[in-house]
Undergrad: 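Shown below is the structure under consideration.
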2 protein chains.
Amino acid sequence: MKRKENSTNAINEQFLFQVCELNSAIAMISGRWKSQIVYSIAEGNNRFHLLKRELVNISEQVLGRQLKELEMHAIIVKREIPGSVPAGIEYLLTNKGRDLVPILQHLCDWGKVYAGGKGIAVPESDMHEESVAV
Amino acid sequence: MKRKENSTNAINEQFLFQVCELNSAIAMISGRWKSQIVYSIAEGNNRFHLLKRELVNISEQVLGRQLKELEMHAIIVKREIPGSVPAGIEYLLTNKGRDLVPILQHLCDWGKVYAGGKGIAVPESDMHEESVAV
DNA sequence: GTTCCGACTAACAATTTTGTTCGTTATTGC
DNA sequence: GCAATAACGAACAAAATTGTTAGTCGGAAC
């Protein structure tokens with residue numbers, strides 16, 4: 001998380017952020033477990049130990065870090081559960097996070113449609129006239 | 001691009017790929033310049049030098065690498081332009097790539113709506129009854 | 001009164017991504 | 001013939017991400 005500020009990498013990242021919000025959006029969801037965590041929280045696994053159980057291979061340290069990053073990006077919020085003993089902590093999607101879920105669903109569907117190289121072709125409409133003529 | 005195959009990192013990546021296609025989808029679009037390249041090609045900048053001009057800070061080597069990766073994921077295809085002199089090369093979106101563009105547009109819109117932390121809140125419907133009752 | 005669970009943080013190491021340096025091929029313009 | 005443009009590839013270095021080791025803190029179970 002220590003960024004170098006003046007590295008070419010960081011400068012290029014900033015450049016892309018300015019070109020289009022698309023790039024910052026992708027930066028927010030592209031961590032190793034991040035979008036799966038958002039998805040799991042949306043499905044109700046909104047506690048640390050529930051997420052840990054769901055994402056079997058994740059370590060607690062990595063999970064904590066990803067959650068903190070999602071929180072920094074205001075996709076989730078951390079909250080103490082008031083009535084619980086011992087006082088537990090839950091994670092909730094913000095409306096930003098909530099709006100993200102259907103987009104993730106689209107990505108999921110897209111991935112499924114073309115899984116394993118099925119159905120891939122160049123649409124004829126993209127072909128040049130030259131190539132058709134020759 | 002030399003992957004270690006047996007690293008925890010690679011194993012976890014594979015695990016996520018199996019959990020949901022969402023994760024492989026995100027892996028395909030999360031390279032530094034990748035989604036911006038897809039976008040630019042969709043807008044007609046479908047030649048190497050056009051992309052280079054558009055993405056001012058990118059080096060030719062990095063651009064070539066990103067293009068190759070997009071090609072491996074069957075999001076774009078490389079093609080010689082038949083009638084051109086000198087015979088140039090163009091990049092076309094496959095239908096897979098074409099279907100991706102509206103999703104990127106959604107992500108872009110999502111990014112814009114919540115840019116700079118505007119409009120972020122936890123929806124009331126997510127609150128626990130306990131918290132409301134207390 | 002020690003150990004376990006939930007929920008973490010900090011520092012370090014392994015792995016991966018990104019950028020850089022150098023070189024290539026083929027053609028065009030001068 | 002010589003530089004310039006288009007379109008790259010390989011190998012290496014810098015930077016960033018991901019995973020690991022060790023440890024914390026408060027309550028609960030035994």
Side-chain angles (χ1 to χ4, degrees), chain A residues 1-16 23 26-37 45-72 76 78-81 84-91, chain B residues 1-16 23 26-37 45-72 76 78-81 84-91:
Chain A
M1 302 315 156
K2 296 165 190 174
R3 291 204 147 259
K4 274 263 176 132
E5 280 295 314
N6 276 10
S7 65
T8 307
N9 192 321
I11 291 166
N12 286 346
E13 192 178 42
Q14 285 304 312
F15 167 76
L16 284 169
N23 298 294
I26 285 179
M28 287 186 226
I29 61 172
S30 55
R32 171 64 77 248
W33 305 85
K34 245 171 246 172
S35 47
Q36 190 60 49
I37 289 172
N45 294 333
N46 62 341
R47 300 283 306 267
F48 196 92
H49 63 280
L50 294 176
L51 288 165
K52 190 164 133 55
R53 194 185 305 163
E54 178 110 327
L55 309 169
V56 285
N57 293 306
I58 204 170
S59 74
E60 301 185 351
Q61 297 70 18
V62 170
L63 177 55
R65 201 156 51 196
Q66 302 294 319
L67 285 168
K68 199 161 65 172
E69 282 177 38
L70 285 170
E71 209 191 341
M72 284 196 318
I76 62 174
K78 199 198 298 195
R79 221 171 55 96
E80 274 197 29
I81 306 174
S84 65
V85 180
I89 285 174
E90 66 178 358
Y91 295 93
Chain B
M1 300 315 157
K2 296 167 191 173
R3 293 203 144 260
K4 274 263 176 128
E5 282 293 315
N6 275 11
S7 65
T8 309
N9 191 322
I11 290 166
N12 285 347
E13 193 178 42
Q14 286 302 313
F15 167 76
L16 284 169
N23 298 295
I26 286 179
M28 287 185 226
I29 61 172
S30 56
R32 170 62 80 244
W33 307 84
K34 244 170 247 173
S35 46
Q36 191 59 49
I37 289 173
N45 294 332
N46 62 341
R47 300 283 305 267
F48 196 93
H49 63 280
L50 295 176
L51 288 165
K52 191 164 133 55
R53 194 184 303 162
E54 178 111 328
L55 308 169
V56 285
N57 292 306
I58 203 170
S59 74
E60 302 184 350
Q61 296 70 21
V62 170
L63 176 55
R65 201 154 53 195
Q66 301 294 317
L67 286 168
K68 200 162 66 171
E69 282 177 38
L70 285 170
E71 210 191 340
M72 283 197 319
I76 63 176
K78 198 197 300 194
R79 221 170 56 95
E80 274 196 29
I81 306 174
S84 67
V85 179
I89 285 174
E90 66 177 358
Y91 295 93

Undergrad: Check every strand shown and say whether Lys34(A) touches a base, only sugar-phosphate, or nothing at a heavy-atom separation below 4.0 Å.
TA: nothing
Undergrad: Select one nucleotide: of dT16(C), dA7(C), dT18(C), the one nearest the side-chain heavy atoms of His49(A).
TA: dA7(C)
Undergrad: Looking only at N and O atoms, is any donor in the side chain of Gln61(B) or the base of dG9(D) less than 3.5 Å from an acceptor on the other one?
TA: yes
Undergrad: Map Ser59(A) and Ser7(A) onto DNA chain D by nearest heavy atom, then report which one ends up closer to the 5' terminus.
TA: Ser7(A)
Undergrad: Select from Leu67(A) and Glu5(B) the residue whose nearest nucleotide in DNA chain C is closer to the 5' end of that strand.
TA: Leu67(A)
Undergrad: Closer to the 5' end of DNA chain C via nearest nucleotide, is it Glu13(B) or Glu60(B)?
TA: Glu13(B)
Undergrad: OP1, OP2 of dG19(D) versus side-chain N and O of Asn12(B): anything below 4.0 Å?
TA: yes
Undergrad: Take atom CD of Glu69(B) and atom P of dG19(C), then tell me their distance rounded to the nearest Å.
TA: 12 Å
Undergrad: Output yes when at least one side-chain N/O atom of Thr8(A) is less than 4.0 Å from OP1 or OP2 of dT18(C), else no.
TA: no
Undergrad: Of all the choices, dA7(D), dG23(D), dG19(C), which nucleotide is nearest to the side chain of Trp33(B) once you look at every atom?
TA: dG19(C)
Undergrad: Reading DNA chain D from 5' onward, which residue's closest nucleotide shows up sooner: Ala10(A) or Arg53(B)?
TA: Arg53(B)
Undergrad: Among dA7(C), dA15(D), dT20(C), which nucleotide sits nearest the side chain of Arg47(A)?
TA: dA7(C)
Undergrad: Mark yes or no for whether Arg47(A), through its side chain, and Ile89(A), through its backbone, hold a donor-acceptor pair below 3.5 Å.
TA: yes
Undergrad: For a side-chain hydrogen bond (donor to acceptor under 3.5 Å, both in side chains) check, start with the C-alpha distance between Arg53(B) and Asn45(B), then their side-chain angles and the critical distance, and finish with the verdict.
TA: CA-CA 9 Å; Arg53(B) 194 184 303 162; Asn45(B) 294 332; over 6 Å; no
Undergrad: Any salt bridge linking Lys78(A) with Glu90(A)? Criterion: basic side-chain nitrogen under 4.0 Å from a carboxylate oxygen.
TA: no
Undergrad: Tell me which nucleotide among dT18(D), dA11(D), dT16(C) gets nearest to the side chain of Arg3(B).
TA: dT16(C)
Undergrad: Could you state the atom-to-atom distance from CG of Leu63(B) to P of dA10(D) in whole Å?
TA: 16 Å
Undergrad: Figure out the CD/P separation between Glu90(A) and dC8(C), and round it to whole Å.
TA: 12 Å
Undergrad: Starting at atom CD of Glu80(A), determine the distance to atom P of dG6(C), rounded to an integer number of angstrom.
TA: 16 Å
Undergrad: Whole-Å distance between dA7(D) C1' and Ile37(B) CD1?
TA: 14 Å
Undergrad: Tell me the interatomic distance from Lys68(A), atom NZ, to dT9(C), atom C1', rounded to whole angstroms.
TA: 7 Å
Undergrad: What is the separation between atom CD1 on Ile81(A) and atom P on dG27(D), rounded to the nearest whole Å?
TA: 16 Å
